[in-house]
Amino acid sequence: MALRAAVARATVAGAAPPSLRRMFSAASANSFVPPPIAAMGNGDGTPGREQSPPSTNLFVSGLNKRTPSEKLREAFSQFGRVVDARVVTDRVSGYSKGFGFVRYATIEEAEKGRVGMDGKFLDGWVIFAEYARPRPERTPPQNMSNSNGYNSYGRE
DNA sequence: CGTGAGCGG
């Protein structure tokens, strides 16, 4: 029964959390209404919240708390080659936090997947995809100069 | 149980 999806949509339309910066009034899974020209904002001096620079890492939010990483990979694989897809889960509770990360092979694919999956439905929930923040994985940019003169920068 | 902001290891 696909009634569960309808319930989920009803919940989103009823709660309307502030996280949804985009109004998706088209709850009907048939009509897809693109948002009109929305004021980008920053006109005077209100930078607000600028997105992160393009990267192969994508930050997916709004996921269902029961959505596995495989589902993420499947959903994003339609737009490009997903190198790595993982849903963030808690260490102690072991349950999903509601968001995940998707890493594409190239930036162009990542952008395609981001625009293609941003505001789409996954497991009956609207997900949001945007570039993940650049963050040190193992070697913090504390010491740029090493004794060897080598730096651990070889990601993107 | 897991509805709901957020950037994993």
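Because the structure is predicted, anything quoted here is derived from the model rather than measured. As a basis for the values below, the full set of heavy atoms in this structure was taken, side chains included, without hydrogen atoms, waters or symmetry mates. Proteins come first, then strands; the chains are lettered A, B, ... in the order of their sequence lines, and each starts at number 1.
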### Query
When the distance from CD1 of I127(A) to P of dG4(B) is rounded to whole Å, what number comes out?
19 Å
### Query
Which of the following nucleotides, dG9(B), dC7(B), dG4(B), is nearest to the side chain of W125(A)?
dG4(B)
### Task
Select base, sugar-phosphate, or nothing to describe what L58(A) touches, counting heavy atoms under 4.0 Å on all strands.
nothing
### Summary
With the side chain defined as heavy atoms from C-beta on, S61(A) is closest, among dG9(B), dC7(B), dG6(B), to dG6(B)
### Query
Reckon R135(A) touches a base, only the sugar-phosphate, or nothing at all at heavy-atom distances under 4.0 Å?
base
### Task
Answer yes or no: side-chain N or O of N57(A) and base N or O of dG8(B) forming a donor-acceptor pair under 3.5 Å.
yes
### Query
Under 3.5 Å, is there a donor-acceptor pair between the S93(A) and D90(A) side chains?
yes
### Task
May I ask whether F59(A) stacks on the base of dG6(B), given the cut-offs of 5.5 Å between ring centres and 30° between planes?
no
### Query
Can you name the closest pair of heavy atoms from Q51(A) and E130(A) and give their distance?
CG-OE2, 4.1 Å
### Query
Which nucleotide in the list dC7(B), dG2(B), dG4(B) gets nearest to the side chain of Y95(A)?
dG2(B)
### Query
Is the F59(A)-Y131(A) ring centre distance short of 6.0 angstrom?
no
### Query
Is any side-chain N of the basic residue among K71(A) and D123(A) closer than 4.0 Å to the acidic one's carboxylate O?
yes
### Message
Rounded to whole Å, how long is the line connecting atom CZ of F99(A) with atom C1' of dG8(B)?
### Response
7 Å
### Task
Using a heavy-atom cut-off of under 4.0 Å over every strand shown, decide if G100(A) touches base, sugar-phosphate, or nothing.
nothing
### Query
Does a distance-only test, which skips hydrogens and angles, find a donor-acceptor pair under 3.5 Å between the side chain of R86(A) and the base of dG9(B)?
yes
### Task
Rounded to the nearest angstrom, tell me the gap between atom CG in D84(A) and atom P in dG9(B).
13 Å
### Query
Between dG8(B) atom P and R73(A) atom CZ, what is the distance in whole Å?
21 Å
